[in-house]
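What follows is a short report on a single structure.
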Amino acid sequence: MDLTRRKALALGTGTLAFATLAGLPAFASLTDDAIAAMTGGAEVTEGGIDLTAPEIAENGNTVPVEVSAAGAVEISLFATGNPTPAVATFKFGPLAGSRSGSTRIRLAKTQDVVAIAKMEDGSFRKASATVKVTIGGCGG
């Protein structure tokens with residue numbers, strides 16, 4: 001094989017790109033790790049929490065999200081496709097009149113938004129919704 005400068009540059013660039021991408025963890029595993037850190041590895045049950053997010057977001061920079069769970073002590077929101085999946089945490093005291101929160105989050109692309117609620121009895125509840133982003137949010 002005749003190694004030219006062009007072939008050497010292409011080979012070096014390809015190797016660098018592969019090494020860079022292979023070293024990045026998948027965003028889904030980042031979300032799983034963040035949820036495991038919150039729950040301490042406890043089982044998470046579906047239901048018992050209401051998550052309201054739009055099916056289609058015309059702008060990923062401001063996606064309105066509402067979450068509520070009767071009897072929750074803490075509710076955390078995660079965006080599975082973002083580089084930093086934890087986007088919001090709401091904490092409630094014993095005298096809280098409403099165990100709900102709303103915010104606007106930034107989504108990098110079409111992805112799932114996951115809400116995890118820590119209940120007063122120490123159990124964890126989960127709800128998720130898929131949001132389709134039509135215009136890039138986080139640099140996408």
Side-chain angles (χ1 to χ4, degrees):
M1 181 172 129
D2 196 20
L3 188 63
T4 63
R5 184 184 334 169
R6 180 172 285 167
K7 289 180 183 177
L9 285 173
L11 182 64
T13 304
T15 303
L16 179 64
F18 176 75
T20 302
L21 292 177
L24 292 176
F27 291 146
S29 68
L30 289 176
T31 304
D32 293 341
D33 292 345
I35 291 172
M38 178 189 174
T39 63
E43 183 180 344
V44 180
T45 308
E46 289 282 336
I49 180 173
D50 295 322
L51 173 64
T52 305
E55 278 186 45
I56 298 174
E58 292 183 13
N59 186 351
N61 288 321
T62 57
V63 179
V65 179
E66 295 179 20
V67 64
S68 65
V73 177
E74 179 179 334
I75 301 174
S76 292
L77 292 173
F78 301 93
T80 60
N82 280 2
T84 305
V87 292
T89 299
F90 303 98
K91 295 187 177 188
F92 309 103
L95 299 178
S98 171
R99 308 289 172 103
S100 63
S102 65
T103 188
R104 294 184 182 272
I105 62 175
R106 178 180 245 183
L107 299 179
K109 59 184 178 179
T110 299
Q111 60 189 284
D112 290 333
V113 175
V114 179
I116 305 289
K118 180 178 182 180
M119 307 307 278
E120 290 175 337
D121 63 359
S123 65
F124 292 91
R125 304 296 175 123
K126 175 183 178 180
S128 62
T130 301
V131 178
K132 181 179 179 187
V133 177
T134 57
I135 297 176
C138 296

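Start at 1 with the first residue, then count along the sequence. Just so you know, these numbers use all the heavy atoms, side chains as well, and skip hydrogens, waters and symmetry mates.
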Could you see if [X] belongs to whatever hydrophobic cluster contains [Y]? Use Ile, Leu, Val, Met, Phe, Trp, Tyr and a side-chain cutoff under 4.5 Å.
| X | Y | value |
| --- | --- | --- |
| Ile105 | Phe78 | no |
| Val65 | Leu107 | yes |
| Phe124 | Val73 | no |

Residue pair [X] / [Y]: nearest heavy atoms and the distance that separates them:
| X | Y | value |
| --- | --- | --- |
| Ile75 | Arg99 | CD1-O, 4.0 Å |
| Ala53 | Val131 | CB-CG2, 3.9 Å |
| Ala117 | Ile49 | CB-CD1, 3.6 Å |
| Gly81 | Gln111 | N-OE1, 2.6 Å |
| Ala72 | Phe92 | O-CD1, 3.7 Å |
| Val87 | Ala79 | CG1-CB, 4.1 Å |

Gap separating the [atom1] atom of [X] from the [atom2] atom of [Y], nearest 0.5 angstrom:
| X | Y | atom1 | atom2 | result |
| --- | --- | --- | --- | --- |
| Asn82 | Lys109 | CG | NZ | 9.0 Å |
| Glu66 | Arg104 | CD | CZ | 9.5 Å |
| Asp121 | Lys118 | CG | NZ | 10.5 Å |
| Lys91 | Ser76 | NZ | OG | 8.0 Å |

Any donor-acceptor pair under 3.5 Å linking the side chain of [X] with the backbone of [Y]?
| X | Y | answer |
| --- | --- | --- |
| Thr110 | Val133 | yes |
| Thr130 | Glu55 | no |
| Thr80 | Asp112 | yes |
| Ser123 | Met119 | no |

- prompt: Is there a side-chain contact between Thr45 and Arg125, using heavy atoms and a 4.5 Å cut-off?
  reply: yes

query: Given side chains that start at C-beta, do those of Leu77 and Leu51 come closer than 4.5 Å, heavy atoms only?
result: yes

